[in-house]
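To start, the structure under review is shown below, and the notes come after it.
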Amino acid sequence: MPKITFIESNGTTHTVEAEPGMTLMETAVRNMVPGIDADCGGACACATCHVYVDPEWFEKVGERNEMEEDMLDFAFDVHENSRLSCQIKITDAHDGLVVRIPEKQF
């Protein structure tokens, strides 16, 4: 199973195993990663699962779709590498993926 590393804004790291086919958000929630609120449960209807994808992984997680772009308008401190973790489906190719969690979620 792919291993994903979540880094909190304070630098605390959480490396967890992810099941292919699940989303990055589901993986965080299942492993109780702090800072991923996931208020809408993965429906791309909020921005409380916002993460920053490390640059070397950005191409591998794919591009944002229009709905995700709209929801990121509600996120805190959006960057070029911002994604909603509910929109990233885990595959074996994501083994080693590193994402950072913003200081706060809206």
Side-chain angles (χ1 to χ4, degrees):
M1 288 210 288
K3 290 191 179 185
I4 311 293
T5 299
F6 294 87
I7 303 174
E8 294 181 58
S9 62
N10 66 9
T12 303
T13 63
H14 305 271
T15 300
V16 301
E17 288 190 346
E19 187 175 320
M22 292 183 71
T23 66
L24 188 57
M25 183 267 321
E26 290 168 328
T27 300
V29 169
R30 177 182 272 186
N31 289 281
M32 296 182 283
V33 174
I36 302 292
D37 298 338
D39 288 345
C40 75
C44 198
C46 71
T48 62
C49 68
H50 176 210
V51 295
Y52 304 118
V53 176
D54 270 15
E56 63 269 15
W57 287 96
F58 204 67
E59 286 186 29
K60 291 184 182 179
V61 299
E63 295 185 14
R64 303 178 220 174
N65 63 31
E66 189 175 329
M67 186 185 321
E68 183 177 359
E69 288 277 355
D70 290 345
M71 285 298 105
L72 280 169
D73 287 343
F74 299 102
F76 172 75
D77 199 23
V78 175
H79 296 218
E80 205 171 286
N81 61 334
S82 290
R83 290 295 308 270
L84 296 181
S85 59
C86 68
Q87 298 302 296
I88 299 173
K89 285 267 192 204
I90 300 297
T91 69
D92 288 330
H94 293 125
D95 187 36
L97 173 63
V98 177
V99 296
R100 298 175 189 280
I101 302 168
E103 184 180 345
K104 55 187 168 185
Q105 302 278 5
F106 290 136

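Heavy atoms only: backbone and side chains are in, while hydrogens, waters and symmetry mates are out.
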Would you list the atom pairs, donor with acceptor, under 3.5 Å between side chains in residues 33-48 and any protein atom, with sequence neighbours excluded?
{"residue": "Thr48", "atom": "OG1", "partner": "Ala38", "partner atom": "N", "Å": "3.2"}
{"residue": "Thr48", "atom": "OG1", "partner": "Asp39", "partner atom": "N", "Å": "2.8"}

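The local environment of CE in Met67 is sparse, with at most 12 non-hydrogen atoms from other residues, nucleotides or ligands closer than 6.0 Å.
Asn81 places a side-chain N or O within donor-acceptor distance of the main-chain N or O of Val53, the cut-off being under 3.5 Å.
Checked against ring-ring contact (aromatic ring centres under 6.0 Å, His included), Phe58 has no partners two or more places apart in sequence or in another chain. The side-chain contact (heavy atoms from CB on, under 4.5 Å) test applied to Asn10 returns Glu8, Thr12, not counting sequence neighbours. Taking the side-chain hydrogen bond (donor to acceptor under 3.5 Å, both in side chains) definition, one finds that Thr15 meets it with Thr5, sequence neighbours left out.
Applying the side chain to side chain donor-acceptor pair (under 3.5 Å) test to every pair with at least one member in residues 19-30, sequence neighbours left out, gives these pairs: Glu19-Arg30, Thr23-Glu26. Each ring-ring contact (aromatic ring centres under 6.0 Å, His included) pair with one or both residues in residues 86-106, not counting sequence neighbours, appears once here: Phe76-Phe106. Pairs passing the ring-ring contact (aromatic ring centres under 6.0 Å, His included) check and including a residue from residues 9-36, sequence neighbours excluded, do not occur. Among pairs with a residue in residues 54-68, those fulfilling salt bridge (Lys or Arg N to Asp or Glu O under 4.0 Å) read Asp54-Arg100, Arg64-Glu69, Glu68-Arg83, at least two apart in sequence or across chains. For residues 85-96, no residue pair satisfies the salt bridge (Lys or Arg N to Asp or Glu O under 4.0 Å) rule, not counting sequence neighbours.
When hydrophobic residues (I, L, V, M, F, W, Y) are linked wherever their side-chain heavy atoms come within less than 4.5 Å, Tyr52 remains an isolated member. Residues near Met22 contribute nothing to a hydrophobic cluster around it, because no ILVMFWY side-chain heavy atom sits closer than 4.5 Å to its side chain.
Within the 4.5 Å cutoff, the side chain of Met25 has no heavy atoms near those of the Leu84 side chain. Residues Leu72 and Ser82 have side chains in contact (heavy-atom distance under 4.5 Å, counting atoms from C-beta outward).
Residue Pro2 is tested with Val16, Ile90, Leu97, Thr91 for a side chain to side chain contact (heavy atoms under 4.5 Å, CB included); the sole match is Ile90.
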### Task
Step by step, work out the side chain to side chain contact (heavy atoms under 4.5 Å, CB included) result for Ile7 and Val99.
CA-CA 6 Å; Ile7 303 174; Val99 296; over 6 Å; no
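Hydrophobic clustering keeps Val98 apart from Val61 (ILVMFWY residues linked when any side-chain heavy atoms are closer than 4.5 Å, directly or through intermediates). Trp57 and Phe6 fall within the same hydrophobic cluster, defined by Ile, Leu, Val, Met, Phe, Trp and Tyr side-chain heavy atoms under 4.5 Å apart, directly or through other members.
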